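Reviewing the structure listed below.
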Amino acid sequence: MARTRLLAGNWKMHKTRAEAVEFAEKLAQLSSDISDDAVIGYPELLICATFTALPGLMEPLQKSNTRLGAQNMHEADHGAYTGEVSAAMIKELGCTYVILGHSERRMYFAESDAAVAKKTLVALDHQLTPIVCVGESLEERENGETSTRIAAQVGAVLDALKDKQDGAERLVIAYEPIWAIGTGRTASKEDAEVVARAIREQVKEKLGDHVASAVRILYGGSVKPENIADFLSEADIDGSLVGGASLEAESFFRMAHNSTL
Ligand code: 13P
């Protein structure tokens, strides 16, 4: 099955609402300057903004055909969870995607594999596309524990989805080695492909061929315009989740373009 590539920007805790709209307008302008032919082969474009920047961002992003996503959500529909937001709340603002289990949330906000699995199920039930992040620490990599760590993170999510009749094929998994995030150090494309292939194999074992061939697997960690095409040349890598290099419209635009190479 042909999978549509995805270029997702994770803005983390950056940009006020005004700065976010400025980015979207700039991206729209850059996109309008190129011919329709140049867009052929473009990946699906997505920006995951802060909660405060979400209202009013969908419309300016639409001008560059870019989708809107959130960076987290709570698994409950509503309730006494001070400071949290639900799937329905982010959907109302135009989000079609949500990042779940980013390593920064696992690290600073103690999100467990079980919590991420629960949120994934809820996101799919609300017709949101979850981007589930997995990745090993430097210590785990050096101890040869990468594959077991990733398998445990992915396994928790797949177990939660095993009785799901449909929708699991919309799942996106982002492999982001923690030591490559914001460090300028990337996994080699070969190492990233080994992990991506193992993830797809695991999906196949748990959810079958049909889901495994549809699920999109992204690489994230110090991706920029200069190296994005390398990762996309690998068979099981279907796109990228980008932090720092997604903050400038020019750089995001160049990554979209270089994804077609
Ligand atoms: P950088 O692209 O800044 O390394 O961040 C990656 C990331 O954490 C995206 O979710």
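Worth saying up front: this structure is predicted, and the values here are computed from it rather than measured. Whatever order the structure lists them in is the order used to number ligands and atoms, beginning at 1.
Using a 3.5 Å distance cut-off with no hydrogens or angles, the side chains of His102 and Glu176 do pair a donor with an acceptor.
Of all atoms in ligand 1, listed by their number and element, those nearer than 4.0 Å to a heavy atom of Ile181 are 4 (O), 5 (O), 6 (C), 8 (O). The atoms of ligand 1 that sit less than 4.0 Å from any heavy atom of Leu241 are 9 (C), 10 (O). The contact set between ligand 1 and Ser222, taken as ligand atoms under 4.0 Å from a residue heavy atom, comprises 1 (P), 2 (O), 4 (O). Heavy-atom proximity to Ala180, at under 4.0 Å, picks out these atoms of ligand 1: 4 (O).
The closest approach between Gly221 and ligand 1 falls below 4.0 Å for a heavy atom of the residue. Using a 4.0 Å heavy-atom cutoff, Lys224 is absent from the residues neighbouring ligand 1. Ala245 does not count as a contact of ligand 1, since none of its heavy atoms falls under 4.0 Å from the ligand.
Considering both main-chain and side-chain atoms, Gly220 never comes within under 3.5 Å of ligand 1 through any nitrogen or oxygen pair. Geometrically, ligand 1 and Thr183 share no nitrogen or oxygen pair separated by less than 3.5 Å. Looking at Gly243 next to ligand 1, an N or O pair under 3.5 Å apart turns up.
When each of Leu218, Leu241, Leu45 is paired with Leu6, the side chain to side chain contact (heavy atoms under 4.5 Å, CB included) condition holds for Leu218 and for no other.
Residues Glu190 and Glu234 share a closest heavy-atom pair of N-OE2, 4.3 Å. Thr50 and Met13 make their closest contact through CG2-CA, 4.0 Å (heavy atoms, listed as atom of the first residue, atom of the second, distance). Of all non-hydrogen atoms in Thr96 and Arg67, the two that sit nearest each other are OG1-CB, 3.9 Å. Closest heavy-atom contact between Leu247 and Trp11: CD2-CD1, 3.6 Å.
Checking Gln71, Glu176, Glu104 against atom 7 (C) of ligand 1, the nearest heavy atom belongs to Glu176.
For Asn143, the CG atom sits in a packed shell: over 12 heavy atoms of surrounding residues, nucleotides or ligands are nearer than 6.0 Å.
Ranking the protein heavy atoms by distance from atom 3 (O) of ligand 1 puts Gly244 N, 2.9 Å first.
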So Trp179 and Glu139, side chain to side chain donor-acceptor pair (under 3.5 Å) or not? Walk me through it.
-> CA-CA 9 Å; Trp179 48 270; Glu139 193 186 355; over 6 Å; no
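One finds a salt bridge joining Lys26 and Glu250 here, because a Lys/Arg side-chain nitrogen approaches an Asp/Glu carboxylate oxygen to under 4.0 Å.
Residue contacts with ligand 1 for Asn10 involve side-chain atoms from C-beta outward but no N, CA, C or O (heavy atoms, distance under 4.0 Å).
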